[in-house]
Amino acid sequence: MEFTNVIQFLNDFGRELTDKYKSNIIKDDAVASGELLDSVKYIFNKKNTSFEISMEMAEYWKYVESGRKSGRFPPISAIREWVR
């Protein structure tokens with residue numbers, strides 16, 4: 001079986017999910033360097049009759065999404081890189 005419709009649906013879903021996440025980053029005014037925005041993409045894998053779709057983005061997405069825990073200072077190297 002080719003599963004053409006399923007594959008098309010999952011690819012459309014991946015593009016829509018990626019676009020929505022990027023829109024949310026912009027809406028939340030979370031664009032500093034643009035690196036996170038540029039790194040957001042979906043990955044589609046097909047193995048026989050198994051399908052998988054996942055998101056990939058810069059490692060620090062979780063801090064943009066949820067913030068940092070209180071009580072710890074952000075890494076100085078990350079702040080210096082952000083300022084550059």
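In what follows, residues are counted from 1 in the order of the sequence shown. All values below come from the heavy atoms of this structure, side chains included, with hydrogens, waters and symmetry mates left out. This one's a predicted model, so the numbers in the text were calculated from it and none came from an experiment.
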K.L.:
So, using side chain to side chain donor-acceptor pair (under 3.5 Å) as the criterion, who are the partners of Glu16 when residues are at least two apart?
P.N.:
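For Glu16, no residue satisfies side chain to side chain donor-acceptor pair (under 3.5 Å) once neighbours in sequence are set aside.
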
K.L.:
Taking Lys22 for its side chain and Asn24 for its backbone only, find out whether a donor-acceptor pair lies under 3.5 Å.
P.N.:
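Not confirmed, Lys22 side chain does not pair with Asn24 backbone.
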
K.L.:
Dump the intermediate steps for side chain to side chain contact (heavy atoms under 4.5 Å, CB included) on Val31 and Leu36, then the final yes or no.
P.N.:
CA-CA 8 Å; Val31 180; Leu36 178 60; over 6 Å; no

K.L.:
Once rounded to the nearest 0.5 Å, what's the spacing between atom OG of Ser50 and atom CG of Asn45?
P.N.:
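Between atom OG of Ser50 and atom CG of Asn45 there are 9.0 Å.
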
K.L.:
Identify each donor-acceptor pair in which a side-chain atom of residues 4-15 lies under 3.5 Å from a protein atom, sequence neighbours left out, and give them as a table.
P.N.:
residue: Gln8; atom: NE2; partner: Asp12; partner atom: OD1; Å: 2.8
residue: Gln8; atom: NE2; partner: Asp12; partner atom: OD2; Å: 3.3
residue: Asn11; atom: OD1; partner: Tyr42; partner atom: OH; Å: 2.9
residue: Asn11; atom: ND2; partner: Ile7; partner atom: O; Å: 3.1
residue: Asp12; atom: OD1; partner: Arg15; partner atom: NH2; Å: 2.6
residue: Arg15; atom: NH1; partner: Tyr42; partner atom: OH; Å: 3.3

K.L.:
Using the test side chain to side chain donor-acceptor pair (under 3.5 Å), find all partners of Lys20 that sit at least two apart in sequence or belong to another chain.
P.N.:
none

K.L.:
For residues 54-63, pull every pair meeting salt bridge (Lys or Arg N to Asp or Glu O under 4.0 Å), keeping only residues two or more places apart or in separate chains.
P.N.:
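Matches after skipping sequence neighbours: Lys41-Glu56, Glu59-Lys62.
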
K.L.:
Does any pair with a residue in residues 25-34 pass salt bridge (Lys or Arg N to Asp or Glu O under 4.0 Å), and if so which ones, sequence neighbours excluded?
P.N.:
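For residues 25-34: none.
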
K.L.:
Hydrophobic clusters here meaning ILVMFWY residues chained together by side-chain heavy-atom distances under 4.5 Å, can you tell me if Ile26 and Tyr21 are in one?
P.N.:
yes

K.L.:
List in chain and number order the residues that pass side chain to side chain donor-acceptor pair (under 3.5 Å) with Glu52, two or more places apart in sequence or in another chain; answer none if no residue qualifies.
P.N.:
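Glu52 satisfies side chain to side chain donor-acceptor pair (under 3.5 Å) with no other residue.
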
K.L.:
Please list all pairs meeting ring pair (Phe, Tyr, Trp, His ring centres under 6.0 Å) that have one or both residues in residues 45-64, counting only residues at least two apart or in different chains.
P.N.:
Phe3-Phe51

K.L.:
Got a second to check how far Ile25's CD1 is from Ser39's OG, nearest 0.5 Å?
P.N.:
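Result: 7.0 Å between the selected atoms.
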
